[in-house]
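The block underneath contains the structure these notes are about, expressed in structure tokens.
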Amino acid sequence: MAANNRRMSGKKGAQVGSGGQRRRGLEGKGPTPPAEMRKGHAKQRAAQAKARRAQGRSAPRGRGGRSNSELVVGRNPVVEALREGVPASTLYVQQFIDNDERVREALQLAAERGGINLMEAPRPELDRMTNGLNHQGLVLQVPPYEYAHPEDLAEAAYDAGEEPLIVALDGVTDPRNLGAVVRSVSAFGGHGVVVPERRAAGMTAGAWKTSAGTAARTPVARATNLTRALEAYQKAGIVVVGLAADGEVEVGELEALDGPVVVVVGSEGKGLSRLVGETCDFRVRIPMPGGAESLNAGVAAGIVLYEAARRRA
């Protein structure tokens, strides 16, 4: 009997202060949700995969990527970058800095532009940031540049009801040449510039300065492989024209400039690389009665862009 009492005393019953948990446990939980909404169900996984595929088709094409952030170091370079409208996220100022005219101008320009954080930092911290460069107490951080995808340039032109006019750079490594090309593309109504991802100039502070602010409205696209990007343009019905000192056609005689065209400019001295040159539909030369062997990328692009704009006017 004692054992029986122990078994009975071990039974669980309703407890005071349970908050009605046992009562709620007896309540129904509503209708069973469809399989597509039940976590872990095979049909739910299939529905999620289908949604991801649909999203991948409707999402915009992946962009050309981002560059790394850059530091402009030194009083004069910082002031010049701010004057030229180079994008900036943070201006670092050394603690207890000698407040000369350039420091005051940098602070004033940063305040007038807005959106630039002002950070005071001890000299050792600025030394660490700049790897020991002579920063003179001023360091400007330039945010990463957002590159477009090469095909975005042509699509933007067609969306605007215009024939694409694009410049591609092959082996151009000087950011100032890139900035000059961006400026020419903007001046003559072009739709952007394409640069290779490797062994090529990128949109650095120097390129921004040379572009004289036009980089803010002229997109630069980055191609993983320039030859494949040019072939994709050709498949889209765009003529690829390469500039070469021994080109078969003079630029003034090229009727293709009337329509959709990509102008490929090589490096000064080396010109176009072999694969890029073989990909071009036309190889065009710029007549130079003065006898110069070659032109830098900015000048060469400007001449061809002017001819294209003249024909399209």
Side-chain angles (χ1 to χ4, degrees), residues 60-67 85 87 145-172 175-197 200-203 207-208 210-243 251 254-266 272 276 279-282 284 286 297-313:
R61 184 183 297 104
R63 297 183 65 80
R66 302 178 72 187
S67 62
Y145 181 80
E146 290 280 357
Y147 289 96
H149 187 281
E151 293 182 21
D152 293 341
L153 307 184
E155 291 178 1
Y158 287 130
D159 289 344
E162 300 171 355
E163 300 280 17
L165 177 57
I166 299 166
V167 174
L169 301 182
D170 178 26
V172 176
R176 293 171 296 182
N177 272 335
L178 172 56
V181 171
V182 170
R183 188 172 183 177
S184 294
V185 169
S186 177
F188 295 111
H191 300 99
V193 180
V194 180
V195 296
E197 186 173 318
M203 283 306 298
W208 271 96
T210 310
S211 77
T214 57
R217 57 180 181 272
T218 303
V220 175
R222 189 162 60 179
T224 304
N225 184 291
L226 183 59
T227 301
R228 286 202 293 266
L230 296 177
E231 291 171 346
Y233 280 136
Q234 290 171 323
K235 291 178 181 178
I238 302 175
V239 177
V240 177
V241 175
L243 297 187
V251 65
L254 186 62
E255 296 181 358
L257 293 177
D258 296 350
V261 65
V262 177
V263 179
V264 189
V265 182
L272 300 175
V276 169
T279 303
C280 295
D281 298 301
F282 298 97
V284 180
I286 298 174
V299 174
I303 292 172
V304 182
L305 289 167
Y306 166 77
E307 179 63 22
R310 185 186 68 81
R311 287 172 171 268
R312 297 174 181 216

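In this chain, numbering begins with 1 at the start of the sequence shown. Every heavy atom of this structure was used, including side-chain atoms; hydrogens, water molecules and symmetry mates were not.
Of all the heavy atoms in Pro175 and Gly202, the pair that sits closest is CB-O, 4.1 Å. Minimum heavy-atom separation, Leu226 to Ala168: CD1-CB, 4.2 Å. Residue Gly302 comes nearest to Phe188 through the heavy atom pair O-CE1, 3.7 Å, listed as atom of the first residue, atom of the second, then distance. Of all non-hydrogen atoms in Gly298 and Asn177, the two that sit nearest each other are N-OD1, 4.1 Å.
Residue pairs meeting the side-chain hydrogen bond (donor to acceptor under 3.5 Å, both in side chains) criterion with at least one member in residues 158-170, sequence neighbours excluded, are Glu162-His191, Asp170-Ser273. Residue pairs that meet the side-chain hydrogen bond (donor to acceptor under 3.5 Å, both in side chains) test with at least one member in residues 214-223, sequence neighbours left out, are Ser186-Arg217. Sorted by first then second residue, the side-chain hydrogen bond (donor to acceptor under 3.5 Å, both in side chains) pairs that include residues 300-310, not counting sequence neighbours, are Glu307-Arg310, Glu307-Arg311.
Scored by the side-chain hydrogen bond (donor to acceptor under 3.5 Å, both in side chains) test, Asn225 finds no partners at all (sequence neighbours excluded). Listed by chain and residue number, Pro196 satisfy the side-chain contact (heavy atoms from CB on, under 4.5 Å) test with Ala200 (two or more places apart in sequence, or in another chain). For the side-chain hydrogen bond (donor to acceptor under 3.5 Å, both in side chains) test, no residue two or more places apart in sequence or in another chain qualifies with Thr227. Ala308 is linked by a side-chain contact (heavy atoms from CB on, under 4.5 Å) to Leu165, Leu257, Arg312, counting only residues two or more places apart in sequence or in another chain. For Arg183, there are no salt bridge (Lys or Arg N to Asp or Glu O under 4.0 Å) partners two or more places apart in sequence or in a different chain. Under the ring-ring contact (aromatic ring centres under 6.0 Å, His included) criterion, Tyr145 pairs with Tyr147, not counting sequence neighbours.
In this structure, Leu178 CG and Ser211 OG are separated by 8.5 Å, a value rounded to the nearest 0.5 Å. Once rounded to the nearest 0.5 Å, the distance linking CG of Leu169 with CG of Leu272 reads 11.0 Å.
The one candidate from Val167, Val264, Ile303, Ile286 that meets the side chain to side chain contact (heavy atoms under 4.5 Å, CB included) condition with Leu243 is Ile286.
Side-chain atoms of Val181 and Val265, non-hydrogen and from C-beta on, never get closer than 4.5 Å to each other. Looking at heavy atoms from C-beta onward, Leu153 lies in side-chain contact with Pro219 at the 4.5 angstrom threshold.
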Return all side-chain donor-acceptor pairs below 3.5 angstrom for residues 233-242, not counting sequence neighbours, or 'none' if the list is empty.
residue, atom, partner, partner atom, Å
Tyr233, OH, Pro150, O, 2.5
Gln234, NE2, Thr279, O, 2.7
Gln234, NE2, Asp281, OD1, 3.2
Gln234, NE2, Asp281, OD2, 3.3

